[in-house]
Amino acid sequence: MKKYTVSDCELITQYKSGNEKAFEALVNRHKNKIFTTILLIVKDQYVAEDLLQETFIKAIKTIKSGRYNEEGKFLPWISRIAHNMSIDYFRKQKRYPTIVMEDGSNVFNTLEFSEDSYETIQIKKETHERLREFIQRLPESQREVLMMRHYMQMSFQEIAEMTGVSINTALGRMRYALINLRKQMSVIEVNQSDKSYARKTLSR
Amino acid sequence: MPEKLYPDNLVRYVYDETSVEENILLESIIFENEQLEESFFELLHLKRELDSIICSPSEKSVSKILEFSKSFNTESIL
């Protein structure tokens with residue numbers, strides 16, 4: 001976990017005193033993880049952008065009205081808001097939309113990889129795309145724990161309390177999620193290795 | 001902490017949820033067993049992969065959030 005010189009708790013205290021720069025620092029610190037949490041659930045870039053705004057608006061209202069009382073645990077708190085909003089949206093939609101950009105490309109392909117060869121960039125893109133698919137295909141209980149621990153930075157104890165299971169169950173679900181992902185990833189790594197070998201052989 | 005390594009402890013270790021004492025014991029078990037060492041590095045690799053799929057929202061969304069914050073004051077909800 002990344003360590004910051006100014007803690008979230010201190011930034012919130014400053015924000016409560018009217019320092020908007022402190023809030024900007026909080027947003028910039030956590031926006032990517034929150035956005036990814038939302039995107040992995042709703043799978044639509046535009047919806048995810050809207051839900052991110054709604055999430056922060058709710059957080060702003062709560063903090064500025066003095067109702068925020070989870071000092072020191074800002075990311076798990078705001079991630080829970082984002083998670084609940086995303087699940088609500090998803091349940092209302094009752095479908096999994098495909099993420100498509102205006103130019104027709106997949107939203108996740110907009111990630112940039114510098115200083116790599118074309119082939120390496122393609123492999124990374126494919127790997128990332130597949131990994132997201134694999135996460136979405138995990139059983140709900142495993143996916144939930146994985147997202148809470150990895151992207152929402154909740155501890156296993158907090159996850160256990162929030163989902164109403166024992167810490168051993170939460171840990172077990174995380175372990176199975178990781179095992180499942182690792183199995184799936186190893187299959188595509190073998191395929192990519194075969195592809196790379198074939199390309200090299202053909203180019204000789 | 002038992003001297004045998006339970007798989008869930010490896011997960012806790014990878015996610016930095018173990019104490020310093022547990023770390024010393026776990027490391028002595030993990031790095032003396034080739035299979036456990038391999039599992040450990042596989043988990044670390046996967047953790048890095050999970051980090052690598054993090055996406056960024058648009059600047060427009062971030063600006064809207066910051067603008068809302070500046071314009072919002074508690075009087076508007078009282």
Side-chain angles (χ1 to χ4, degrees), chain A residues 1 15 18 20 23-24 27-28 31-40 45-46 48-50 52-53 55-57 59-61 63-66 107-108 110-111 113 124 127-129 131-132 135 146-147 149-151 153 155-157 167-168 170-172 174-175 177-179 181-182 185-186, chain B residues 1-2 4-20 22-23 25-26 29-30 34-78:
Chain A
M1 205 175 288
Y15 180 48
E20 291 291 329
F23 180 68
E24 191 174 340
V27 172
N28 287 327
K31 63 181 181 180
N32 293 350
K33 285 207 165 185
I34 300 166
F35 184 67
T36 304
T37 300
I38 297 170
L39 197 50
L40 281 169
Q45 186 204 4
Y46 301 108
E49 298 270 0
D50 285 347
L52 179 83
Q53 290 173 42
T55 298
F56 272 105
I57 284 170
I60 290 164
K61 287 179 177 174
I63 296 169
K64 285 200 171 183
S65 62
V107 63
F108 295 119
T110 54
L111 288 173
F113 308 102
K124 278 186 182 174
T127 307
H128 292 170
E129 203 171 319
L131 180 55
R132 288 185 197 94
I135 293 171
L146 179 95
M147 288 174 61
R149 183 62 192 88
H150 199 89
Y151 298 109
Q153 291 184 3
S155 69
F156 288 114
Q157 184 59 50
I167 188 167
N168 286 338
L171 275 163
M174 183 70 175
R175 182 161 55 86
L178 294 171
I179 289 169
L181 289 178
R182 190 71 208 116
M185 293 299 285
S186 61
Chain B
M1 167 75 64
K4 180 183 167 190
L5 187 137
Y6 290 96
D8 289 350
N9 289 334
L10 192 58
V11 175
R12 287 174 58 237
Y13 178 64
V14 168
Y15 276 90
D16 298 326
E17 288 203 17
T18 40
S19 65
V20 176
E22 284 177 316
N23 288 348
L25 183 58
L26 283 169
I29 298 171
I30 293 167
E34 209 173 303
Q35 207 179 339
L36 281 176
E37 195 176 328
E38 194 182 334
S39 301
F40 168 68
F41 283 114
E42 278 184 358
L43 280 182
L44 272 189
H45 175 72
L46 184 57
K47 198 177 167 213
R48 276 199 292 270
E49 289 285 335
L50 288 169
D51 279 335
S52 69
I53 63 168
I54 288 175
C55 302
S56 306
S58 66
E59 283 299 317
K60 197 175 161 187
S61 285
V62 176
S63 298
K64 280 186 183 174
I65 292 164
L66 299 178
E67 282 308 312
F68 178 85
S69 176
K70 281 174 195 161
S71 64
F72 184 81
N73 56 62
T74 47
E75 284 168 14
S76 58
I77 56 166
L78 294 175

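Heavy-atom basis, side chains included; hydrogens, waters and symmetry copies ignored. Just so we're on the same page: letters track the sequence lines, and every chain starts at 1.
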Chain B contact via [X] - side chain, backbone, both or neither, heavy atoms under 4.5 Å:
| X | answer |
| --- | --- |
| N28(A) | side chain |
| I179(A) | neither |
| L146(A) | side chain |
| E49(A) | both |

Among K61(A), E24(A), E20(A), find the one that has a side-chain hydrogen bond (donor to acceptor under 3.5 Å, both in side chains) with S69(B).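 The option that passes is E20(A).
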
Contact origin within K70(B) toward chain A - heavy atom pairs under 4.5 Å:
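Both backbone and side chain.
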
(request) Only counting residues at least two apart or in another chain, list the ones meeting ring pair (Phe, Tyr, Trp, His ring centres under 6.0 Å) with F68(B). (result)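 If we apply the ring pair (Phe, Tyr, Trp, His ring centres under 6.0 Å) test to F68(B), skipping adjacent residues, the hits are F72(B).
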
When rounded to the nearest 0.5 Å, the distance separating CG of L66(B) from CD1 of I60(A) is 7.5 Å

Max heavy-atom pairs within cutoff under 4.5 Å with chain A, candidates V14(B), L50(B), V11(B), L43(B), goes to L50(B)

Note: vs chain A, highest number of non-hydrogen pairs under 4.5 angstrom among L46(B), I65(B), D51(B) is I65(B)

side-chain hydrogen bond (donor to acceptor under 3.5 Å, both in side chains) filter on Q53(A), not counting sequence neighbours, yields S61(B)

Would you please say whether a donor-acceptor pair under 3.5 Å links the side chains of E17(B) and S155(A)?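 S155(A) and E17(B) do not have a side-chain donor-acceptor pair below 3.5 Å.
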
Handout entry: Parallel, tilted or perpendicular: ring planes of Y15(A) versus F23(A), cut at 30 and 60 degrees
Key =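 Aromatic pair Y15(A)/F23(A) classed parallel.
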
